[in-house]
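Notes follow once the structure below has been shown.
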Amino acid sequence: MTVGNTISSLEIEKHLSDNSRGLQLIVVDETDSTNDMAKVLSKEGKKRFAVIAKRQTRGKGRGEHIWASPDGGIYLSLTIENDLPKRRIPLLNLTLAVAAAETILQTTGATVSLKWPNDIYLHGRKLGGILIESSTGPTDYIVAGIGINLNSEMESFPPELREGVSSIYGETGLFYDPNLFIANLISSILKWTDITIAESDRVIDEWSRLSVTLGSRVAFVVGGRTIRGLAVGVDSDGFLMVEDDDTHLTEKIVSPNILGEVCC
Amino acid sequence: MDLNEIKKLIDIFEKSDLNELEIEKDNSKVRLRKGGGFIETAPAVRHAAVPAPATPKAAATPKGKVIPEGDNYIKINSPMVGTFYRSPGEGEDPYVKEGDMVQKGQVLCIVEAMKLMNEIEAEASGKIISIVAENAAPVEYDETLFVIEK
């Protein structure tokens, strides 16, 4: 039995800050994927809500990957309604990562590192991830999904994943109140999405400060060509700038087919 | 000016609000113009006394598709820089094919950037008369992806 089992909308609401007023909280014991549930509700026209699950049976990771989602983790999908221009939606990956880092530091004292474009690491192992799904056209929604291994016990992850995964509980031996954590996370996401509109440089600066990607050697496949080089920065849209070893040109990585870091 | 420099120049030009750009460097001249779909390179004439070698004109249309214009047609443009996908996943059927009738709000494709999956919906009901972008190819902001006939 973990503290994760005590998640309730009433308890979360107690801790929400002013910027989250009017937000509807939907808490379920189990769902395939909080993002899928939030997308279905968004397509039905529902606005300003968050879906929180105690566990997911088919949590979505990158591409076709499944995000292991046992009890004790935080699985949140929040709709974002604001005036951010559509072309800047990808930047929300960095926004969410910064908000998650802030929440984790404030709530647990742990300092995480961020990997471009959407991963959260603690002590070199994956602690959380972000998956944003959106639609442009008559329906028009943004669903920001985030998974964080807060009170997850390491034994609850599949054996083949354990080496690369971390959880706050696994690292500290301490359980943290998931309701306070979720409330802080929602408030922080809404705060940073507003900052993204008005002062996106602050998001870029904060992300860059916490990034393990910048300054490291990376490799990507772009349009069938492998680009290897040094990650030198992110541009104002959040795209990674890589100095190509072969051409010495700085390439903008938009759609990462990630081969992984290359050690030199 | 080498090919890489010209490619970078085209990239910058495409993202700018400029309609026409002319640059002279290293005794060569490049002129870019939007709408006409051509790239012209020519030797710059700096001094009448130094004859430059003639460079042939290069004409290119970036995409082979013709985009029809008119009140009957609705262009669905990409809201962001990204990669265009015609189906929800590898090996799955495309959302739509040319000739399909679509309803307003129906998902036509995905444009992905930084692992963010953005579904593009039909702005109006009608018939898909042209799929302009190629599957898994990069697309620019505001680039036309589909043309729907109302």
Side-chain angles (χ1 to χ4, degrees), chain A residues 35 39 42-43 45 60-65 84-97 115-119 129-145 222-224 234-235 237-240 244 246-258, chain B residues 2-9 11-12 14-15 74-85 87-92 95-96 102-126 134-143 145-146 148:
Chain A
N35 261 33
K39 278 169 69 182
S42 293
K43 286 178 183 188
K60 290 159 87 172
R62 178 193 304 154
E64 306 296 317
H65 294 195
L84 186 71
K86 293 280 175 289
R87 62 180 301 176
R88 309 208 74 201
I89 294 175
L91 181 58
L92 288 177
N93 272 304
L94 307 195
T95 306
L96 268 282
K115 188 173 162 187
W116 191 85
N118 58 351
D119 288 327
I130 291 152
L131 183 68
I132 302 171
E133 297 183 85
S134 59
S135 179
T136 42
T139 315
D140 219 42
Y141 62 80
I142 301 170
V143 168
V222 177
V234 287
D235 74 359
D237 289 324
F239 295 125
L240 190 66
D244 191 315
D246 296 332
T247 63
H248 303 294
L249 293 174
T250 302
E251 303 275 359
K252 181 170 79 177
I253 311 295
V254 171
S255 296
N257 186 352
I258 298 167
Chain B
D2 66 22
L3 194 58
N4 265 327
E5 280 180 287
I6 294 172
K7 276 183 182 166
K8 284 195 97 172
L9 200 60
D11 195 40
I12 293 163
E14 277 178 346
K15 285 170 194 154
I74 297 171
K75 284 190 275 187
I76 306 290
N77 295 349
S78 180
M80 60 175 71
V81 175
T83 303
F84 172 78
Y85 292 104
S87 64
E90 213 170 313
E92 293 185 49
Y95 287 106
V96 290
V102 294
Q103 299 299 313
K104 182 179 177 180
Q106 186 175 334
V107 176
L108 303 178
C109 67
I110 285 173
V111 174
E112 177 271 342
M114 288 169 68
K115 301 292 173 196
L116 180 148
M117 311 302 266
N118 185 56
E119 294 178 348
I120 313 288
E121 299 170 353
E123 290 288 351
S125 301
E134 280 177 42
N135 188 49
V139 290
E140 290 298 329
Y141 168 69
D142 218 24
E143 182 176 328
L145 308 174
F146 297 90
I148 295 176

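Each chain gets a letter, A, B and so on, in the order the sequences are listed, and its residues count up from 1.
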Report summary line: On a heavy-atom basis, the closest approach of Ser255(A) and Ala113(B) is OG-CA, 4.3 Å
Query - Under the side chain to side chain contact (heavy atoms under 4.5 Å, CB included) test, residues paired with Asn118(B) that sit two or more places apart - result: Ser134(A), Thr136(A), Pro79(B), Met80(B), Leu116(B), Ile120(B)
Report task. To the nearest 0.5 Å, tell me how far Lys43(A) NZ sits from Glu119(B) CD. Result -> 4.0 Å
Query raised in the report: So how far is it from Lys115(B) NZ to Trp116(A) CH2, rounded to the nearest 0.5 Å?
Result: 8.5 Å
**Report entry** Proximity breakdown for Phe239(A) and chain B, heavy-atom pairs closer than 4.5 Å
**Finding:** both
Query raised in the report: Using non-hydrogen atoms only, which part of Ile142(A) is less than 4.5 Å away from chain B: side chain, backbone, both, or neither?
Result: neither
**Report entry** Neighbour count above 12 (heavy atom, 6.0 Å) for Lys104(B) NZ
**Finding:** no
Query raised in the report: If you take all heavy atoms of Glu123(B) and Gly137(A), which pair is closest and at what distance?
Result: OE2-CA, 3.7 Å
Query raised in the report: Heavy-atom distance under 4.5 Å to chain A: side chain of Ala122(B), backbone, both or neither?
Result: backbone
Query raised in the report: Counting heavy-atom pairs under 4.5 Å to chain B, which of Thr139(A), Leu240(A), Asp237(A) comes out on top?
Result: Thr139(A)
**Report entry** From CE (Met114(B)) to CG (Leu92(A)), nearest 0.5 Å
**Finding:** 9.0 Å
Query raised in the report: Residues in salt bridge (charged side-chain N to carboxylate O under 4.0 Å, His left out) with Asp140(A), at least two apart?
Result: Lys86(A)
